[in-house]
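Counting convention: from 1, in listed order, for ligands and their atoms alike.
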Amino acid sequence: MDEVVRPVGTTRAVFQFEAADELILSLKPDTDLVHSITEFASGKGIEAGSLVVIGALKSAKLGYYDQKKNRYREIKVDSPTEIASCTGNISIRSGEPFAHIHVVLADTNGNTKAGHLLEGIVFVAEVHLRVLQGPRLERRYDVPSGLWLWSER
Ligand code: ZN
């Protein structure tokens, strides 16, 4: 199996993986969701994966990427919320496993705030982590966007 597939059309890069493990994690309260998943991946040597999470957060910090200024604007969520949806991936950035996570959080009225998860203090978090096996999936700094993106060498 070719692990790196030639990009076609509008794709920047294409990588081919196989699912290695399906892990279910339950996180301890008062931990940071992003840090916990990153630390778990580091400890288990997981360099590529995808994840979904449901549960509830005590508080959170979300990022909104300003595409003109090329930087994140921070959105603070100071009250408890439901994790209505949370999805992400794991790859390598600067030689270390890096978790990129987005979230939709619902408040007491069901109103939502959403964005790039910078920090999420856990009340309950049920994580389904799919560990992927294949080529080295590495992020490199992309000057036009100001973001660390997947690219082929
Ligand atoms: Zn993001």
Side-chain angles (χ1 to χ4, degrees), residues 4-5 7 9-17 19 22-25 27 30-107 110-153:
V4 178
V5 180
T10 58
T11 56
R12 183 197 299 261
V14 180
F15 304 86
Q16 190 166 347
F17 289 87
E22 303 278 352
L23 302 176
I24 300 293
L25 322 175
L27 302 183
D30 298 309
T31 56
D32 171 26
L33 183 64
V34 180
H35 182 257
S36 293
I37 289 172
T38 304
E39 190 178 62
F40 183 82
S42 288
K44 297 289 183 188
I46 297 167
E47 297 190 332
S50 64
L51 58 98
V52 292
V53 185
I54 58 170
L57 297 179
K58 294 184 173 183
S59 65
K61 285 178 190 164
L62 307 180
Y64 169 82
Y65 197 70
D66 185 322
Q67 297 174 17
K68 286 189 175 137
K69 294 178 179 167
N70 278 9
R71 60 183 166 87
Y72 282 101
R73 189 165 66 75
E74 198 173 293
I75 301 161
K76 280 197 174 132
V77 180
D78 290 328
S79 52
T81 53
E82 293 286 324
I83 303 173
S85 182
C86 179
T87 184
N89 55 58
I90 294 170
S91 56
I92 301 295
R93 178 178 152 172
S94 305
E96 298 291 328
F98 173 79
H100 184 198
I101 302 174
H102 283 200
V103 71
V104 180
L105 300 174
D107 70 13
N111 295 321
T112 55
K113 283 188 177 169
H116 176 101
L117 188 63
L118 296 168
E119 180 189 280
I121 304 304
V122 170
F123 180 69
V124 168
E126 300 176 345
V127 182
H128 175 184
L129 175 58
R130 173 170 289 169
V131 181
L132 298 173
Q133 222 156 37
R136 189 172 170 85
L137 185 60
E138 191 149 17
R139 291 182 180 276
R140 291 187 177 79
Y141 187 73
D142 176 68
V143 174
S145 68
L147 293 166
W148 291 73
L149 304 178
W150 296 325
S151 65
E152 295 179 62
R153 298 190 177 281

Check: What protein N/O/S atoms are found closer than 2.8 Å to the Zn ion (ligand 1)?
Finding: His100 NE2, His102 NE2, His116 ND1

Check: Do the non-hydrogen side-chain atoms of Leu129 and Lys44 ever get within less than 4.5 Å of each other?
Finding: no

Check: Checking Asn70 side chain against Pro144 main chain: does a donor-acceptor pair fall under 3.5 Å?
Finding: yes

Next item on the list: For the residue pair Tyr65 and His116, confirm or rule out a side-chain donor-acceptor distance under 3.5 Å.
Entry: no

Checklist line | Whether Arg93 side chain and Phe98 backbone form a donor-acceptor pair below 3.5 Å | finding: no

Notebook entry, point to check: Taking Asp32 for the side chain and Gly120 for the main chain, is one N or O donor matched with an acceptor at less than 3.5 Å?
Noted result: yes

Check: CZ of Phe123: more than 12 outside heavy atoms within 6.0 angstrom?
Finding: no

